[in-house]
Amino acid sequence: MTKRINSSSRTQLAFTSFRRNRVGFFCLWVLMILYGLAIFADFICPYSYQDEDRSFSYCPPTAVEILDQGHWVHPFVYARALTFDSLHRRIYVIDHAQKYPIHFLKNGRLFTVDAPGRFYLWGADARGRDLFSRIWYGARISLSIGLLGVAISFILGLLIGGIAGYYGGWIDSVLMRFCEMFMMVPGFYLMLALRAAVPENFNSVQVYLSVVVILALIGWASLARIIRGMALSLRERDYVLAAKTLGVSDIAIIFKHILPQTISFSCATLMLTVSSYILAEAGLSVVGLGVQDPIPSWGNLLSDAMAIVPVIFAPWILLPGLFIFIAVMCFNIVGDALRDAFDPMFKES
Amino acid sequence: MNKVLSIENLTVAVGSKRLVDQVSFDIPQGKIVALAGGSGSGKTTIGLSILRLIPSALRIKQGNIIFEGKNLLDLSAEDMRQLRGARIGMVFQEPLSTFDPLFTIGQQMDEVLVAHTRLSKQERYKKILETLSEVELSDPSRAYKSFPHQLSGGMRQRAMVAQAIVGGPSLIIADEPTSSLDVTLQVKIMELFVRLKNKNMSILLIAHDLGMIAQVADEVIILSQGEMVEKGPVSQVINQPRHEYTKQLVGAFQ
């Protein structure tokens, strides 16, 4: 009996290495928190995404008061009243006589105030809708659209790249020319063209799905090309020949012996692609071709900030941009960290 | 005598250059036939030609490869795939690179059974353990769960043989199966092949080590630059070499 050699699988090694990357691990947590908030938006947000009150248009963030005449009290907010100054600018005057206590865990919401009081943690938009609520409902769209789009383009990219690289010859030529048809059109214009092909009378779910498909169609080609290159080299490995001598079918060889070898590259690219898809969705929505109001997404929330005047008087409407920035940064850093973790040549300095 | 495989006038060429030229030989059932020759003599090309897995630049120009009554060169790609692993198995020189590092030995042997049989998961597991013990791996269930790099070179080569025979082939093509092993392990692996032969399996042994061939093979074919220079029973070829090249080859091992 020989002694059992103590060894970890590649995934375990990669995970250990990934955990040592503090920044990457931190960003992974940030992402998980963002997704958590998006999933539990119904509970966390005080209002639904379309709950509007036009008398609170561009209401600034509401301060949460915990001191009342020098005493600690249950958190509350003061009432506000809209008036206009001499230049016809909106001014919200705080009414110190009227207080609204913040209720926790009431009506299935984490925190809320009784009507007619309104509680705008991060301010309100033009129609008096709560930006905090709209950001987390919008996160559902923005964060899921990237993942779904990536999932589809990865399935396409891996499959087509794997088949092209493994078989080579005319199959490879045909598939790669097909890829290039998608790659030769600049991404954003292709996106606009594909969006134009979608019927206008689609409901919000259909628009959402069509955006997903559009994103997936843009992203798969470059991935397919890279996977095809890797498959071209992997198919020359001895174990691929060995599998052939054992009568393993081509499809089984592609799925078991070619594609798994590309995992380190795929994982990192997957993360990096999610971030570019989030940006692409935002881009489509900012120009009004993505998800339509009243359904929020970070992109169409940000499209409110396209005009300079609202931004000057209500700078909080730029907040969705901050979240796009955070999500994209985190996906990029996690992607880099994963790539380093899977790379056996990478040494931490 | 019952022939399992018979190769007739096999010619393999790349462009106009003939790598294998008019080679003919038979492999009788339950015998070990050795293909010997120096590097570049076309040994491996013949082995891969039988399975129709030669590199795409190479072409089989002429000849027949008759296996169990069928000409393999006439079979469809799918029929050929079903034959590989099920009727003909192959053992390679370097088991570390011929096992996929990402999967365990068991998973890779399982693939063969999935490709060729309709056995249930349980039956496949049982069959694999039986085969692993047949090649004298001391702890088959541990070998099943091991990744290729976790086994020693000798164990790995046994696992490779197990993978080649798990589908129940009647012919094994062994391409330099012992070249990567030390001398004591070489003897062990050769004993394994002799035992398989005694179970009525036919073996095409591709090797350059005439000493080893003399011990285990029944017949030997000497190749030189793609041409067959001599063939016959091992004792006759080695003790009374007729061709100049065979004499050199035999001389090199004495």
Side-chain angles (χ1 to χ4, degrees), chain A residues 1-15 158 162-173 230-267 342-345, chain B residues 47-48 50-56 77-104 107-116 138-139 142 145-152 154-155 160 163-167 169 172-173 175:
Chain A
M1 270 294 284
T2 45
K3 198 168 148 273
R4 173 141 191 121
I5 304 157
N6 224 342
S7 64
S8 330
S9 77
R10 209 165 70 132
T11 329
Q12 284 167 327
L13 284 173
F15 186 69
L158 285 174
I163 289 172
Y166 178 75
Y167 286 107
W170 67 269
I171 297 178
D172 181 31
S173 301
M230 295 173 100
L232 270 179
S233 120
L234 288 167
R235 70 170 180 174
E236 304 298 331
R237 296 276 171 96
D238 284 347
Y239 53 73
V240 172
L241 178 63
K244 283 184 193 167
T245 66
L246 292 162
V248 180
S249 67
D250 289 342
I251 286 297
I253 291 177
I254 292 173
F255 277 100
K256 289 194 78 176
H257 300 301
I258 305 268
L259 295 182
Q261 304 285 335
T262 66
I263 182 144
S264 55
F265 167 80
S266 310
C267 261
F342 272 113
D343 183 359
M345 298 298 154
Chain B
L48 290 176
I50 297 169
L51 289 166
R52 279 178 42 197
L53 286 172
I54 46 173
S56 54
E78 177 57 20
D79 287 344
M80 198 61 218
R81 181 191 72 72
Q82 281 173 2
L83 203 97
R84 294 182 198 126
R87 305 303 308 142
I88 306 178
M90 183 146 183
V91 178
F92 291 89
Q93 176 177 348
E94 181 41 81
L96 190 55
S97 64
T98 42
F99 276 119
D100 187 332
L102 296 185
F103 294 96
T104 63
Q107 284 169 330
Q108 297 187 55
M109 289 177 71
D110 197 46
E111 237 180 345
V112 184
L113 292 179
V114 168
H116 296 299
S138 53
D139 187 349
R142 213 199 86 200
K145 282 179 285 193
S146 299
F147 285 93
H149 68 272
Q150 291 173 317
L151 298 180
S152 67
M155 289 164 85
M160 185 91 236
Q163 195 187 25
I165 64 172
V166 74
I172 302 250
I173 302 169
D175 189 356

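Chain identifiers are assigned alphabetically (A, B, ...) following the order of the sequence lines, protein sequences preceding nucleic acid strands; residue numbering begins at 1 within each chain.
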Between [X] and chain A, which part of the residue has a heavy atom less than 4.5 Å away: side chain, backbone, both or neither?
X      : answer
I88(B) : backbone
E78(B) : neither
L51(B) : side chain
F92(B) : side chain

Criterion side-chain contact (heavy atoms from CB on, under 4.5 Å) on T104(B) and S146(B), from CA distance to verdict
CA-CA 5 Å; T104(B) 63; S146(B) 299; over 6 Å; no
Side-chain donor or acceptor of S173(A) paired with backbone N/O of G169(A) under 3.5 Å
yes
Could you tell me if Y167(A) and D172(A) have a donor-acceptor pair between their side chains, going purely by distance under 3.5 Å?
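On atom types as modelled, these side chains do not qualify, holding no pair under 3.5 Å.
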Tell me which of these, Q108(B), E111(B), Q163(B), Q82(B), has more heavy-atom pairs under 4.5 Å with chain A than the rest.
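The residue among Q108(B), E111(B), Q163(B), Q82(B) with the greatest pair count is E111(B).
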Could you check which of L48(B), T98(B), D100(B), L53(B) has the highest count of heavy-atom pairs closer than 4.5 Å to chain A?
D100(B)
Taking the side chain as every heavy atom from C-beta outward, state whether Q93(B) and D175(B) have any pair of such atoms under 4.5 Å apart.
no
Y239(A) vs H257(A) aromatic rings, parallel, tilted or perpendicular, using cut-offs 30° and 60°?
tilted
